[in-house]
Amino acid sequence: MTRDRDDGRNPLPLVLFSGTDDRLTAAAVLAVGAAAMGRRVHVFLQYWALDAFRADRIAKDHGAAPEAGPEGRAAMQRHGGQHWSELFRQAKEVGEVRITACARSMEMLGLSMEDLDPLVDGQEGVASFLLAAGDGGITFI
Amino acid sequence: MGATVEVHRSIDARGMPCPGPLMSLIGAVREAEVGQVIEVWSTDPGSATDIPAWVRKAGHDLVEVEETPEGTRFVVRKAR
């Protein structure tokens with residue numbers, strides 16, 4: 001069972017900032033793919049991405065980035081597929097995926113852990129996230 | 001394209017977008033016993049690269065890939 005893990009040597013650190021469904025879906029696809037390929041994934045939620053993980057809002061329509069336009073939104077709806085929250089759930093099932101909330105964003109939005117979907121494992125500061133991210137690059141979405 | 005391998009479980013993931021078929025396959029491989037063979041049907045173009053990449057990384061065997069007008073069939077043996 002160790003061959004589909006890489007001992008965390010090559011983690012994928014993702015910082016999620018945007019709270020629109022298109023960007024969250026793109027991030028979730030990266031997370032689930034990395035988890036399937038044995039990479040440790042660490043997701044850090046800031047600002048509007050954190051807001052989208054609120055338990056009472058996670059399943060609601062979060063819109064799309066401005067560049068989507070009406071045609072892009074229609075294409076997204078036509079394509080369908082699984083919701084990004086379900087993809088993150090799958091990522092956690094198949095691999096080592098930790099999702100944390102930025103403590104500063106929690107404070108700004110007036111949130112406590114009980115307000116968030118159980119997908120979120122805890123909250124932490126940026127230094128703690130960077131320590132876990134290792135020496136590689138960070139993907140900001 | 002003689003399908004002579006005995007398939008223990010067949011998954012129809014046609015119509016699911018990427019990475020749906022791969023995730024369905026991973027779930028089935030986890031539930032299977034070593035040596036069992038699983039086939040997954042996909043119409044997702046990403047599967048053509050993703051399923052072989054995952055099978056290699058996870059250390060299983062890709063027994064067959066068959067392209068048909070109804071979709072692509074990937075046959076995987078759980079090797080460990």
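Per chain, numbering begins at 1; letters A, B, ... match sequence-line order.
- One N or O on the side chain of W54(B) and one on the backbone of A36(A) form a donor-acceptor pair closer than 3.5 Å.
- Transitive grouping of hydrophobic side chains (ILVMFWY, heavy atoms separated by less than 4.5 Å) keeps V97(A) and M37(A) in distinct clusters.
- To the nearest 0.5 angstrom, M23(B) atom CE is 8.0 Å from E93(A) atom CD.
- For residues 59-70 of chain A, heavy-atom neighbours of chain B at less than 4.5 Å comprise no residues at all.
- Distance check: L22(B) CG to Q90(A) CD gives 9.5 Å after rounding to the nearest 0.5 Å.
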Check residues 45-56 of chain A and write down every donor-acceptor pair under 3.5 Å in which the side-chain atom is one partner and the other belongs to a residue at least two apart or another chain.
unit_1 : atom_1 : unit_2 : atom_2 : d
D51(A) : OD1    : R57(A) : NH1    : 3.2
D51(A) : OD2    : R57(A) : NH1    : 2.9

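- Top candidate by heavy-atom pairs under 4.5 Å with chain A, chosen from G15(B), G27(B), P19(B), is P19(B).
- In the hydrophobic clustering of ILVMFWY residues, with side-chain heavy atoms under 4.5 Å counting as a link, V94(A) and V29(A) come out apart.
- Residues V65(B) and V76(B) share a hydrophobic cluster, clusters being chains of Ile/Leu/Val/Met/Phe/Trp/Tyr side chains in contact below 4.5 Å.
- Under the 4.5 Å side-chain heavy-atom criterion for Ile, Leu, Val, Met, Phe, Trp and Tyr, F74(B) and W41(B) are members of distinct hydrophobic clusters.
- Residues L24(A) and V41(A) share a hydrophobic cluster, clusters being chains of Ile/Leu/Val/Met/Phe/Trp/Tyr side chains in contact below 4.5 Å.
- For G81(A) against P17(B), the heavy-atom pair with the smallest separation is CA-CG, 3.5 Å.
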